[in-house]
K.L.:
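Quick one: the structure is below, questions incoming.
Only heavy atoms go into these numbers, but all of them, side chains included; no hydrogens, no water, no symmetry mates. Chain naming here is simple, since letters A, B, ... match the order of the sequence lines and numbering starts at 1 in each.
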Amino acid sequence: MTESNSLPKAYEPKDVEPRWYRFWEERGLFLADPTSSRPRFAMVIPPPNVTGSLHIGHAFTLSLQDIVVRWKRMSGHDVLWLPGLDHAGIATQMVVERQLANQGLRKEDLGREGFEARIWAWKEESGGKILSQLRLMGFSLDWTRERFTLDARLSRAVREVFVSLYEQGLVYRGDYIVNWCPRCVTALSDLEVMSHPTQGHLWHIRYPGKDGGPGVVVATTRPETLLGDTAVAVHPEDERHRHLLGKTVILPVLGREIPVVADPFVDREFGTGAVKITPAHDPNDFQAAERLGLPSINIMDERGVLNESAGPYAGFERFDARSKIVEQLTAENLLVATTAHDLALGRCQRCNTVVEPRLSRQWFVKTKPLAEPAIQAVQDGRIAFVPDNWSKTYFEWMLNIRDWCISRQLWWGHRIPAWTCTACGELSVSRQDLSSCPRCGGGVEQERDVLDTWFSSALFPFSTLGWPDQTPDLAAYYPNSAMMTGFDIIFFWVARMIMMGIRFAGDVPFRQVFINGLVRDEKGDKMSKTKGNDVDPLEVIDKHGTDALRFTLAALAAPGTDPSLGEARLLGYKAFVNKLWNASRFALMNLEGERAAGYDFASLPVPSRWILSRQQEVADRVEAALGEFRFDQAAHQLYHFVWDEVCDWYIEIAKGYFADPTEGPRARAVLLEVLEASLRLLHPIMPYVTEEIWQRLPHEGESIMVAPYPKAQASKRDPEAESQMERLMRVVTAIRTIRATYEVERRKRIEVTVASHAAADRALLTAHGGLLTALGGLASLLVVEAAPETRGAIRQALDGLELVIPMAGLFEIEAEQARLSKELSKLEAERLGLQKKLDNPQFVERAKPEVVAESRDRLAELLARRAKVEATLAELAEA
RNA sequence: AGGCGCGUGGCUCAGUGGUAGAGCGCUUCCUUGACACGGAAGAGGUCGGUGGUUCAAUUCCACCCGCGCCUACCA
């Protein structure tokens with residue numbers, strides 16, 4: 001009895017997890033070392049938004065990242081995995097605004113500084129929660145390098161990049177139509193607008209001629225915008241409308257006189273072929289107006305309420321104005337028709353409010369010059385997407401990229417470092433805060449706007465390493481080795497990191513981009529809080545443990561697919577954690593308190609050489625799988641090796657060896673070796689349970705975290721032992737099948753004769769008689785050259801062997817005939833297929849020779865078995 | 001409109017140019033000194049449809065049907 005007997009029967013994650021995380025962190029095992037001479041592996045975490053707590057999607061992508069990171073560390077790399085948080089401008093501001101609203105307050109009540117202080121307090125709360133969750137999940141992040149996108153160091157990088165871009169002419173300010181959210185009261189980038197297919201209307205409205213003629217009919221989906229119309233446009237070659245060119249029509253409601261102009265952008269097929277031009281509220285119209293020199297009239301304020309330019313409708317909310325205007329037009333007989341019309345309605349990503357295209361003064365990044373080298377980097381392979389098909393998505397967007405609106409009318413974020421002189425109006429963009437105008441010395445006012453939150457995220461791979469200073473970290477860890485994230489932020493984040501990295505840090509930000517799917521529920525539906533089908537990682541960890549969750553996520557991570565996470569799957573892998581635990585418990589119980597004995601591989605019995613050989617194969621496959629981000633394959637390999645091979649076969653066989661004075665110590669040594677290696681192989685996926693067990697086993701080093709990742713050893717490969725073992729397992733399974741079919745009681749031991757004409761087979765079977773006897777529940781085993789003609793016996797042919805089992809008292813002729821007939825028809829079906837193939841001369845000629853040979857062997861085997869079964873059936877018929 | 005992806009046993013999903021796999025579920029048996037979160041043995045699939053390429057197609061190609069997702073300034 002050893003101390004290990006104190007191991008509980010079932011694994012209790014809660015008792016072990018916090019202990020080991022503390023242990024790792026206290027010993028500095030997560031720390032990167034830029035002075036190390038080891039190969040580097042560097043990655044930054046996709047910084048979570050400080051808007052609450054982590055969801056299952058974070059748990060998924062970050063678990064995969066931690067698997068890679070732990071694997072690389074064990075494989076001898078100096079690893080940096082850098083943690084951080086994102087201030088998430090608009091999203092975080094919304095959260096806090098909502099909190100204020102619950103107290104009946106608006107941010108204006110606190111003032112800008114007061115509100116910012118309030119958000120900082122929230123940042124501490126949410127950030128703290130997130131950081132503790134990251135620890136709970138076992139992530140091996142270098143906490144000494146934790147960063148926040150709004151902290152001083154990163155803000156300095158943001159300012160440096162902004163000013164540089166401005167100096168290079170790649171940031172500009174101007175009046176353009178932008179996507180405007182009237183609820184958030186800010187401009188949005190194109191990416192922040194979600195388009196929703198919507199059933200809407202197309203209103204056909206008559207603009208009467210000034211000359212008293214019928215004028216022209218235009219079609220619009222937003223009739224309220226007619227208040228801002230400054231022209232009507234038709235296609236220059238449209239015969240239907242040619243007579244109107246140069247004429248003047250009367251704008252309904254307001255009675256303004258506007259010209260009919262020609263522009264080729266008008267689609268003659270759409271609507272009436274005449275389009276109203278509203279330069280201040282539509283991007284196409286804006287461009288047309290620029291071309292044609294038309295004025296623009298802004299009819300709406302920043303909250304979507306019509307302004308004084310809207311005449312009688314000033315003060316109306318935009319959708320109220322719409323319905324009222326439609327009423328008025330109907331009353332005045334100017335509404336010619338109303339038809340149903342499908343349109344893509346843009347809504348704010350954050351609050352779902354219908355976005356209003358609005359003319360306003362904003363800051364933009366000129367993206368084309370940044371995009372070109374970013375496209376090039378992926379084209380020439382300096383950056384690889386995994387799976388590769390995402391590069392197509394990337395190109396698609398990059399090739400059609402449009403300028404990026406980066407200014408936001410928010411209070412939470414990096415304030416734009418631009419100052420306007422109150423005296424001379426000079427605009428100055430500066431790295432240092434300005435207190436006076438560099439041109440005239442007058443007073444200055446800083447921009448009120450802040451930058452899009454993704455602007456700072458785009459710099460994350462280098463801003464976190466100290467850039468623009470040339471720090472040791474930057475030298476050691478830039479470019480990062482990989483970036484792992486979800487496809488939903490390829491454009492928001494990945495593309496922009498590539499553009500900014502190349503431009504400012506002198507190289508691509510990372511070499512590989514691994515794109516994972518989105519976690520769905522067990523039915524494949526998207527998870528959402530409103531639907532109530534979302535899974536809280538903390539609840540899962542509480543119920544099943546971190547390792548079970550991590551293993552499940554890894555096992556589900558097939559590339560290019562979205563994992564469906566369900567309770568059943570989780571329970572299955574929780575059972576696996578427990579299985580591993582109990583296998584270890586068994587090994588420890590038999591350890592006899594000392595380090596296991598050595599052995600000479602070549603002289604080990606077949607099962608021991610088999611399991612060691614298999615372990616090398618598994619090590620190889622797991623390593624290969626991890627190298628390709630095939631977490632699912634790595635997990636499945638290990639699952640089946642540990643459960644099916646180590647537990648179900650080797651441990652059961654080893655039990656028979658333990659009592660033996662010579663085999664016992666060797667079997668214990670082999671079992672320990674295999675188990676210990678399996679723990680190391682599993683550690684990146686299941687860090688806690690593997691550490692807990694590993695520490696109790698004989699081991700070298702302070703933690704499994706920094707123990708070497710197992711490499712396949714060629715000296716322990718033994719294909720012969722593998723095939724011999726497969727033969728033995730097949731015999732055992734055949735015996736068990738017969739026992740099960742005839743419902744032989746477990747305690748009842750049976751007599752089995754195995755016949756084979758091959759001497760090697762007979763030697764193998766004889767040498768492992770003990771094994772067969774134990775696993776098959778035999779009373780006796782007789783190995784012979786030719787099967788005896790025993791009446792009333794069950795016969796089973798397989799792979800050149802024949803089993804003969806006398807079943808006195810249990811044997812029923814009808815049952816046995818049925819069993820054999822079924823087998824016969826199966827054999828016959830397969831034989832027919834093979835025969836047909838081999839009878840086809842084309843196949844024999846053209847197929848690969850080894851395929852033909854295989855088929856012939858298989859056919860011969862089938863024929864032999866068929867003969868045996870037929871003979872037995874004939875015997876039974878006589879009886 | 002364009003792009004991407006999916007359609008394999010009851011469910012959720014892997015996979016492969018040449019005898020179809022897993023987890024869960026299901027059936028039968030088993031409380032054996034690691035584990036009932038367990039053990040043993042099973043049942044269950046014309047791999048969405050139609051053509052084509054091939055000696056051979058679930059796997060490659062084309063088209064079709066069904067379902068997702070992404071991108072897009074048609075008023």
K.L.:
When we call it a touch if two heavy atoms are under 4.0 Å apart, what does A:T278 touch: a base, just sugar-phosphate, or nothing?
P.N.:
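No contact.
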K.L.:
Quick one: do the A:H281 and A:E224 side chains pair a donor with an acceptor below 3.5 Å?
P.N.:
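No, A:E224 and A:H281 have no side-chain donor paired with an acceptor closer than 3.5 Å.
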K.L.:
Considering only B:C37, B:A72, B:C74, which nucleotide approaches the side chain of A:R402 most closely?
P.N.:
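Nearest to the side-chain atoms of A:R402, counting from C-beta on, is B:A72.
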K.L.:
If you find the nucleotide of RNA chain B closest to A:A274 and the one closest to A:F576, which residue's nucleotide is nearer the 5' end?
P.N.:
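Final value for this comparison: A:F576.
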K.L.:
Taking only N/O atoms, report every protein-nucleotides 2-4 of chain B pair under 3.5 Å with atom names and distance.
P.N.:
unit_1: B:C4; atom_1: OP1; unit_2: A:K392; atom_2: NZ; d: 2.6

K.L.:
Find which nucleotide of RNA chain B each of A:R222 and A:L191 is nearest to by heavy atoms, and output the residue with the more 5' nucleotide.
P.N.:
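Looking at the nearest nucleotide for each, A:L191 comes out on the 5' side.
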K.L.:
In whole angstroms, how far is the P atom of B:U32 from the CD1 atom of A:I651?
P.N.:
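To the nearest whole Å, that distance equals 18 Å.
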K.L.:
Both conditions, 6.0 Å and 45 degrees, for the charged tip of A:K655 above the ring of A:F586: are they met here?
P.N.:
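Yes - A:K655 lies over the ring of A:F586, closer than 6.0 Å to its centre and within 45° of its axis.
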K.L.:
Base, sugar-phosphate, or nothing for A:H204, non-hydrogen atoms under 4.0 angstrom?
P.N.:
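Answer is nothing: A:H204 stays at 4.0 Å or more from every strand.
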K.L.:
Rounding to an integer number of angstrom, what distance separates B:G21 and B:U8 when you compare their C1' atoms?
P.N.:
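After rounding to an integer number of Å, I get 10 Å for this pair.
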K.L.:
Taking A:F576 as the fixed residue, which of A:F641, A:Y639, A:W581, A:Y11 is the one that meets the ring pair (Phe, Tyr, Trp, His ring centres under 6.0 Å) rule?
P.N.:
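Of the listed residues A:F641, A:Y639, A:W581, A:Y11, the ring pair (Phe, Tyr, Trp, His ring centres under 6.0 Å) partner of A:F576 is A:Y639.
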K.L.:
Using the C1' atoms only, state how far B:G3 lies from B:U58, rounded to an integer number of Å.
P.N.:
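Their C1' atoms lie roughly 26 Å apart.
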K.L.:
What's the gap between B:C73 and B:G68 when it is taken at their C1' atoms, as a whole Å value?
P.N.:
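Going atom to atom, C1' in each nucleotide, I get 26 Å.
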K.L.:
Which part of the nucleic acid, if any, lies within reach of A:K836 when heavy atoms closer than 4.0 Å are counted: base, sugar-phosphate only, or nothing?
P.N.:
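A:K836: no heavy atom of the nucleic acid under 4.0 Å.
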K.L.:
When the C1' atoms of B:G25 and B:C11 are compared, how many Å lie between them, rounded to an integer?
P.N.:
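These two C1' atoms come out 8 Å apart once rounded.
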K.L.:
Given 3.5 Å as the limit, does a donor-acceptor pair link the side chain of A:T272 with the main chain of A:V217, or not?
P.N.:
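Flag set: sc A:T272 to bb A:V217 pair under 3.5 Å.
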K.L.:
Let's see if you can work this out: which of B:A34, B:C30, B:A43 has an atom nearest to the side-chain heavy atoms of A:R585?
P.N.:
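Among B:A34, B:C30, B:A43, the one nearest the side chain of A:R585 is B:A34.
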K.L.:
Return the nearest nucleotide to the side chain of A:S564; candidates are B:A41, B:U12, B:A75.
P.N.:
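Given the options B:A41, B:U12, B:A75, the side chain of A:S564 is closest to B:U12.
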K.L.:
Applying a 3.5 angstrom cut-off to the pairing atoms, does RNA chain B sit in any stems of at least three consecutive Watson-Crick or G-U pairs? List them by first number.
P.N.:
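RNA chain B forms these stems: B:1-7 with B:65-71, B:10-13 with B:21-24, B:26-30 with B:38-42, B:48-52 with B:60-64.
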K.L.:
Using atom NZ of A:K748 as one end and atom P of B:A40 as the other, report the distance to the nearest whole Å.
P.N.:
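After rounding, the gap between these two atoms is 23 Å.
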K.L.:
Counting the atoms with a prime plus P, OP1 and OP2 as sugar-phosphate, which does A:N284 contact under 4.0 Å by heavy atoms, base, sugar-phosphate, or nothing?
P.N.:
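The residue A:N284 makes base contact.
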K.L.:
A:M589 has a side chain; which of B:A34, B:C30, B:A75 sits nearest to it?
P.N.:
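Among B:A34, B:C30, B:A75, the one nearest the side chain of A:M589 is B:A34.
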K.L.:
What's the closest nucleotide to the A:K9 side chain, out of B:A40, B:A36, B:C37?
P.N.:
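The nucleotide sitting nearest to the side chain is B:A36.
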K.L.:
Using the C1' atom on both, measure B:U28 against B:G49 and round to a whole Å.
P.N.:
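Approximately 39 Å lies between the C1' atom of B:U28 and that of B:G49.
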K.L.:
Could you check whether the side chain of A:K579 and the base of B:C37 have a donor-acceptor pair of N or O atoms closer than 3.5 Å, going by distance alone?
P.N.:
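Donor-acceptor pair under 3.5 Å: no.
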K.L.:
Using whole Å, what does the distance between atom P of nucleotide B:A14 and atom CZ of A:F629 come to?
P.N.:
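Between P of B:A14 and CZ of A:F629: 19 Å.
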K.L.:
I need the CG-P distance between A:D282 and B:C73, as an integer number of Å.
P.N.:
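Spelled out: CG on A:D282 to P on B:C73 is 11 Å.
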K.L.:
Using a cut-off of 4.0 Å between protein heavy atoms and nucleotide atoms, how would you tag nucleotides 18-25 of chain B 5' to 3' with B, S and -?
P.N.:
BB--SSS-
K.L.:
Of the options B:A14, B:C37, B:G42, whose atoms approach the side-chain atoms of A:N578 most closely?
P.N.:
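Between B:A14, B:C37, B:G42, the one nearest the side chain of A:N578 would be B:C37.
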K.L.:
Can you tell me the distance, in whole Å, between the CZ atom of A:R736 and the P atom of B:C30?
P.N.:
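Interatomic distance, CZ of A:R736 to P of B:C30: 16 Å.
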K.L.:
On the ring face of A:W180, is A:R347 found with NZ or CZ under 6.0 Å from the centre and within 45° of the axis?
P.N.:
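No, A:R347 does not lie over the aromatic ring of A:W180.
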K.L.:
Classify the side chain of A:E652 and the base of B:A34 as holding, or not holding, a donor-acceptor pair under 3.5 Å.
P.N.:
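Indeed, a donor on one side and an acceptor on the other fall under 3.5 Å apart.
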K.L.:
Round to a whole Å and report the spacing from CG of A:L549 to C1' of B:C37.
P.N.:
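One finds 17 Å between C1' of B:C37 and CG of A:L549, rounded.
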K.L.:
Measuring from the side chain of A:D648 (C-beta onward, heavy atoms only), which nucleotide among B:A40, B:C37, B:A34 has the closest atom?
P.N.:
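For the A:D648 side chain, the nearest candidate turns out to be B:A40.
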K.L.:
If the P atom of B:G15 is compared with that of B:G48, how far apart are they to the nearest Å?
P.N.:
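That atom pair is separated by 14 Å.
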K.L.:
Ignoring backbone atoms, establish whether A:T737 has a side-chain N or O less than 4.0 Å from OP1 or OP2 of B:G42.
P.N.:
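Checking B:G42 against A:T737, a side-chain N or O does come within under 4.0 Å of OP1 or OP2.
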K.L.:
Any base atoms under 4.0 Å from A:T733, or only sugar-phosphate, or nothing? Heavy atoms, all strands.
P.N.:
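Since only primed, P, OP1 and OP2 atoms lie under 4.0 Å of A:T733, the category is sugar-phosphate.
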K.L.:
Which part of the nucleic acid, if any, lies within reach of A:R630 when heavy atoms closer than 4.0 Å are counted: base, sugar-phosphate only, or nothing?
P.N.:
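Since only primed, P, OP1 and OP2 atoms lie under 4.0 Å of A:R630, the category is sugar-phosphate.
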K.L.:
Using atom C1' in both nucleotides, what's the gap between B:U46 and B:G42 to the nearest angstrom?
P.N.:
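After rounding to an integer number of Å, I get 23 Å for this pair.
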K.L.:
Do A:T225 and A:K276 have side-chain atoms, one donor and one acceptor, less than 3.5 Å apart?
P.N.:
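Yes, A:K276 and A:T225 have a side-chain donor paired with an acceptor closer than 3.5 Å.
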K.L.:
Can you tell me, in whole Å, how much space there is between the C1' of B:A14 and that of B:G9?
P.N.:
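Looking at atom C1' only, B:A14 and B:G9 are 13 Å apart.
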K.L.:
Report yes or no: is the cationic atom of A:R496 (NZ for Lys, CZ for Arg) closer than 6.0 Å to the six-membered ring centre of A:F491, at no more than 45° off its axis?
P.N.:
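Cation-pi check for A:R496 and A:F491: fails.
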